[in-house]
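To keep things clear, I will list the structure first and then write my remarks on it.
Both counts, for ligands and for their atoms, begin at 1 and track the order of listing.
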Amino acid sequence: MSENNIKAVIFDLDGVIVFTDKFHYQAWKQMADEIGIYFDEEINNRLRGVGRMESLEIILEKYDGEPLTDECKKILAAKKNDIYRGLLYGMGPEDVTEEVRDTLAELRNRGYKLSIGSSSKNAKLILRQVRLMDAFDTISDGTNISNSKPDPEVFVKAAEYLGMDCHDCLVVEDAWAGIDAAKAGHMLAAGIGDAKDYSETDYPLKRFSDLLNICK
Ligand code: B16
Ligand code: MG
C-alpha cells in the first residue's frame, strides 16, 4: 500500500477507461439535425461527464422554437440514446488499451479495491462490450443516482458499495465537473486529459499507468 491513505480507486468511465465521445457526438448530432438545431464538437465537449438530460438542456441553448414540453425532451433524449446504444454495440475488447487493462490488474494485485463512478446509464453495457466487468469490485453509475456530477453522489455511492471511507478513495476523472464531484465528496482526485491541468486536481496524470506511482 502507498504512503497516502488511498485504499480504493474509483474510475470515471468515459474519457478515462474508454472513449465514447465520438459516439455521443454522432448520436446528438443526428438528433439535433432532425429537429434543426446547430450542434458541433465544441458543444459536445461541454457534455463530458454531464448527465443525459442535463446534456440535452445544453444542446437546447441553440433552440429558438416553441418551448418544448418535458415529454418532448424525454423523447429527444430517448432518440439520442437509441442511436448511441446502437453505436456501443459495435465496441469490443480492442477499445480498451493494454495499458489500462494492465494497470487495473496491477492495482488489484497491490490490494486496492476498484469501482466505476460514471454518470452514464449505459456504463454496464459498455463494460460488457469491452469485457471489463470483472476488473471492478463494484459499479456506481447513472442508474443509481439522482444527482449528476459535480454532485458527489456517484462517487459517495461507489465508496459505500466498496465499504470504504470517502477519505480513503482516489477518484480518476477526465472532466472538471468530475474533479469537483470528487472534492465535494472529500476524496482525492487524479486528473487525466482535460482534468490534468485543472487547479483542483490533486494528482495530474500524464498517462493512465502513472496511477501505479500514486498507489504503490
Ligand atoms: P448516458 P462518464 C458520461 O459518462 C459522459 O461523459 C457524458 O458525455 C454523458 O452525457 C453521461 O455519461 C450520460 O451518459 O446518456 O449514457 O447515460 O464520463 O461519467 O463516465
Ligand atoms: Mg468522463
Problem set entry | Which of the ligand 1 atoms, numbered from 1, are nearer than 4.0 Å to a heavy atom of Lys121 | 1 (P), 16 (O), 17 (O)

Exercise. Just by distance, with hydrogens left out, do Gln30 and Asp33 show a side-chain donor and acceptor under 3.5 Å apart?
Worked result: no

Exercise. Do any nitrogen or oxygen atoms of Leu13 lie less than 3.5 angstrom from nitrogen or oxygen atoms of ligand 1?
Worked result: yes

Exercise. Using heavy atoms and a threshold below 4.0 Å, how should the contact between Ser55 and ligand 1 be classified: side chain, backbone, both, or neither?
Worked result: side chain

Exercise. Does the distance from a Lys or Arg side-chain N to an Asp or Glu carboxylate O, for Asp174 and Lys196, drop under 4.0 Å?
Worked result: no

Seminar exercise, completed: re atom 19 (O) of ligand 1, the protein heavy-atom contact at minimum distance is Ser119 N, 2.7 Å

Exercise. Which bit of Thr20 is near ligand 1, meaning a heavy atom under 4.0 Å away: side chain, backbone, both or neither?
Worked result: neither

Exercise. In Asp174, the N, O or S atom nearest to the Mg ion (ligand 2) is which?
Worked result: OD1

Exercise. In terms of side-chain geometry, is the basic nitrogen of Asp180 or Lys149 positioned less than 4.0 Å from the acidic oxygen of its partner?
Worked result: no

For this session: Would you check whether Arg48 has a nitrogen or oxygen atom less than 3.5 angstrom from a nitrogen or oxygen atom of ligand 1?
Result: no

Exercise. Is there a nitrogen or oxygen of Asp14 sitting under 3.5 Å from a nitrogen or oxygen of ligand 1?
Worked result: yes

For this session: Please find out if the Mg ion (ligand 2) and some N, O or S atom of Glu173 are separated by less than 2.8 Å.
Result: no

Exercise. Atoms of ligand 1 less than 4.0 Å from Asp12 heavy atoms?
Worked result: 2 (P), 18 (O), 19 (O), 20 (O)

For this session: Measure the spacing between CZ of Phe208 and OG1 of Thr103 and express it to the nearest 0.5 Å.
Result: 5.5 Å

